[in-house]
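Heads up: the structure comes next, in structure tokens.
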Amino acid sequence: MTDRIATYPNAKDPSSPLDIVPVTGRIGAEIRGVQLSGDLDAGTVQEIEAALVRHKVIFFRGQNHLDNAEHEAFASLFGDPVAHPTVPVAEGSKYLLDLDSKEGYAASSWHTDVTFVDAYPKGSILRALTVPEAGGDTVWANTETAYEGLPEPLRQLANNLWAQHTNDYDYAARFGLTSDSPDAAKQRGDYQRNVFASTIYETEHPVVRVHPVSGQRSLLLGHFVKQFVGLNQKDSTKLFDILQEHVTREENVVRWRWQAGDVAFWDNRATQHRAIADFALQRRTLRRATVHGEVPVAIDGRTSRTVRAEKRTEELRDA
Amino acid sequence: MNAPLQSHSTLVSASEIARDAGIEVLRVEANLGAEIRGLDIASELTDLETDLLRELLWEHQVLFFRDTHLDDRSQSRLGRIFGPPVADSIAARRGVKAEDVQPMNSGPAANAYYGTLWHADATYLERPYSVSILRSVIAPELGGDTAFSSGISAYASLPDDIKARIDSLDAVHRPNSKAYKVITEPEALDDYLREYPGVSHPVVIRHPHTGRKVLYVNETFTHEIVGLPEAESRELLKLLTAQFYRPENIVRFKWQPGSVAIWDNRSVQHYGVADYGNAPRQLVRVVAAGGPPTR
């Protein structure tokens, strides 16, 4: 039986020197005994990166010592930190993205970060500053086990499918914010048009991406998908729901209850995630660093391409 | 969708009384779930503790206990707090009696219960169980969590037009193919399905103790909405059952031997997460009888 348990995709690699405690059968692990900083030695960085690729999202508790500069320095050990393509950086930082509930912001719909551009980040590192007493968790889904779990005919279909991703979507419809007050809806709509999609991006990605480190296949979907290449909107919507539901089923999901000082580091090439908007008016602030990623490669070797990157003009703004 | 839930209208909450009695109540998620510490559920409870336990359950919908010393006898006794024991409709055919605890094995020995979709227990009965109590005997090293999803916050998060549309509807609940995996002989299966041909329940029920409204359809046993054309019924059921997938309505529990979950089978549905391969997992269940769900 012991060797069978070792075949869990999310079991600890026995050769890793890190203190790793996996969370579920398929995704997520807490790493203990590491103080994050820009000064970690190359060996430790390599082990963290290996754990990241294996467990998809890794958690570090008690990193309250991190400030913006140290957060960025840690991120830079894994590649070039990049700012969000459209949202201004957090005050007092070079690359960090502010996620603050006072802005009414909780990305409560499943997505992979920034997939509306071709070389979207390979990893995101999120640090919790203020957390609600209960609620405000984040969930991540393993898109590799999602691919493996597809029935063979669906896998065949996904293998050859491409999808167009964009940041120019109807925010209220996407997040189901039908009960927003007119003021909140206008504010949210203005932010969407003038900030988040101030430059409109459209990118074509394969639905099945081959991981540049592990060679594993994963489903590349999430809420920036507009439609599948060659399908009309109606068929796209139905097919998207079918595939996306395979990604987010409980078997592929880990849920993290934040404490202030926690850091979550996810492999943005093999996961989707979503905030949980159940914390009402409690304050929830987090800060995110992202590391520059590779252009995704399909099974047949073709690569993703950005087909539109256009500054929004007044006419588009009024549209 | 981000509206805070209204707490039900008691002046002093059960949690506050518990605190005064030295019992710790730790909310797990914003919308449901509490871990209870400092109450020994393996011992005989006082009247005060019994009342408190019921109130805490109605308030938090699912309660979790760690490192209990519950055994078959004390688990049965605990179940009677919530109502007379009932034998599972399938187990009863194998001669299991109402007062027996029911082992739910999975793993290499018996995989009939390996993973389930979202469901409340036995909603295909006219009187589904009021409360279920599950205790872990063997837990896999990794995985095998149970997730619980609240029909109360699922209902609350629906848009007003949908609420208005479903408030007066009924739906048909029937045993599903899960039964077919456990009952292998065709004759026995026919006999079983004749015995449980399906039953109609309101789509939205009122909780018998708190009066809160609960969305009461599940993707495992709810087959159709009464009086709607088939396609419309299917579309509406898909929309309603999908509310239970939203993480806002969910709490997730990792089992260790001795862990116990007590859930209000009217308020919540649950889901057995099938991510533990061939590892052995054994849980033992006791259920309490309930009344017919009403509007």
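Here is the naming used below: chain letters follow the sequence lines, and residue numbers restart at 1 for every chain.
Counting all heavy atoms, side chain and backbone alike, P140(B) lies closest to Y8(A) at CB-OH, 3.7 Å. Listed here is the closest heavy atom pair of T24(A) and R252(B): CG2-NH2, 3.9 Å. Counting all heavy atoms, side chain and backbone alike, E248(B) lies closest to A277(A) at OE2-N, 2.7 Å. What you find for K254(B) and V23(A) is that their closest heavy atoms are NZ-O, 4.2 Å. Between A134(A) and A30(B), the shortest heavy-atom contact is O-CB, 3.8 Å. Closest approach of N10(A) and L142(B) over heavy atoms only: O-CD1, 4.1 Å.
The number of heavy-atom neighbours closer than 6.0 Å to CD of E230(B), taken from other residues, nucleotides and ligands shown, is 12 or below. Residue K163(B) qualifies as enclosed at atom NZ: its count of foreign heavy atoms under 6.0 Å is above 12. Heavy atoms from other residues, nucleotides or ligands lying under 6.0 Å from CD of E133(A) number 12 at most. Atom CD of E235(B) sits in a sparse spot, with 12 or fewer heavy atoms from other residues, nucleotides or ligands closer than 6.0 Å.
E251(A) and Y271(B) share a side-chain donor-acceptor pair at under 3.5 Å.
Between E29(B) atom CD and R257(A) atom CZ the span is 4.5 Å, to the nearest 0.5 Å.
The most heavy-atom pairs under 4.5 Å with chain B, out of P132(A), G136(A), G135(A), come from G135(A). Ranked by heavy-atom pairs under 4.5 Å with chain B, the first of R26(A), Q282(A), E250(A) is E250(A). Taking I250(B), L26(B), D160(B), V251(B) one by one and counting their heavy-atom pairs under 4.5 Å with chain A, the maximum is reached by I250(B). Heavy-atom pairs under 4.5 Å with chain B peak, among V139(A), D137(A), L281(A), at D137(A).
At a threshold of 4.5 Å between non-hydrogen side-chain atoms, the residues Y245(B) and E245(A) count as touching.
Proximity of a side-chain donor or acceptor of R255(A) to a complementary backbone N or O of P247(B) within less than 3.5 Å is detected.
Residue A147(B) touches chain A through its side chain alone, counting heavy-atom pairs closer than 4.5 Å. Of the atoms belonging to N142(A), not a single heavy atom falls under 4.5 Å from chain B.
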